[in-house]
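Just so you know, residue 1 is the first one in the sequence shown, and it goes up from there. The figures that follow rest on heavy atoms only: side chains count, while hydrogens, waters and symmetry mates do not.
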Amino acid sequence: ELLAGPEPRASALDRLMPDLYDELKKLAIAHLGGRGRGGTLQPTVVVHEAYLRLHRAHGLDLSNRKQFFALAGKVMRQVIVDHARAKGRTKRGGDTVTVSLSSGAADAVSPTASVLDALALDEALSRLGALDERQVEIVELRYFAGLEVEEVAELLALSPTTIKRESAMARAFLVTQLGS
């Protein structure tokens with residue numbers, strides 16, 4: 001457990017952040033295609049912006065490490081997408097913000113793609129969400145939060161077999177949508 005007790009949420013996050021920072025930065029680096037420097041969006045910026053958003057969140061539960069990283073992964077996804085939108089990037093534009101699918105959980109989305117346009121991925125996930133919100137949640141937990149099949153199964157109270165099957169269906173949909 002990350003935190004037990006009645007400590008206020010903001011101070012608990014402040015206290016835990018030094019211990020979580022390295023893990024969150026590794027997750028951000030994986031999302032940004034392993035680029036530590038040279039891109040317009042740096043992993044440090046993603047982590048810091050995610051921290052600020054988590055700090056402002058109401059009802060943040062810091063008692064479960066997996067749930068915290070699932071939420072942090074969702075927030076990092078939104079930071080990357082918001083940055084891409086703010087820069088006015090388009091799928092076919094020149095300087096796109098890309099995300100990598102080369103982390104261990106990448107097979108939840110695409111076994112062949114290594115770098116995708118952040119906006120294109122977000123749009124494809126939105127289309128998938130209109131059909132099956134649970135598959136989007138599985139993709140977010142596996143890829144954006146970096147959780148393994150067994151961890152996702154535990155969080156969603158589903159069997160690992162169901163998670164694998166839903167991941168495969170989500171992968172097929174996203175590959176089709178992204179043209180990979």
How long is the gap from [atom1] on [X] to [atom2] on [Y], to the nearest 0.5 Å?
X: M76; Y: L71; atom1: CE; atom2: CG; answer: 10.0 Å
X: D132; Y: F173; atom1: CG; atom2: CZ; answer: 10.0 Å
X: T176; Y: L128; atom1: OG1; atom2: CG; answer: 11.0 Å
X: L147; Y: E140; atom1: CG; atom2: CD; answer: 11.5 Å
X: E154; Y: S159; atom1: CD; atom2: OG; answer: 13.5 Å
X: L54; Y: K74; atom1: CG; atom2: NZ; answer: 12.5 Å

Over all atoms of both residues, closest heavy-atom pair of [X] and [Y]:
X: Q177; Y: A124; answer: CB-CB, 3.9 Å
X: A72; Y: L24; answer: CB-CD2, 3.7 Å
X: A153; Y: P160; answer: CB-N, 3.7 Å
X: V139; Y: L125; answer: CG1-CD2, 3.8 Å
X: S167; Y: I138; answer: OG-CG2, 3.4 Å

[X] vs [Y] side-chain heavy atoms within contact, under 4.5 Å:
X: V45; Y: H83; value: no
X: R134; Y: T162; value: yes
X: L141; Y: E151; value: no
X: Q78; Y: R53; value: yes

Linked, directly or transitively: Y143 and L178 (ILVMFWY side chains, under 4.5 Å): yes
Sequence neighbours left out, what passes side-chain contact (heavy atoms from CB on, under 4.5 Å) with K25? Give chain and number order.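 side-chain contact (heavy atoms from CB on, under 4.5 Å) list for K25, sorted by chain: Y21, I29, P43, T44, V47.
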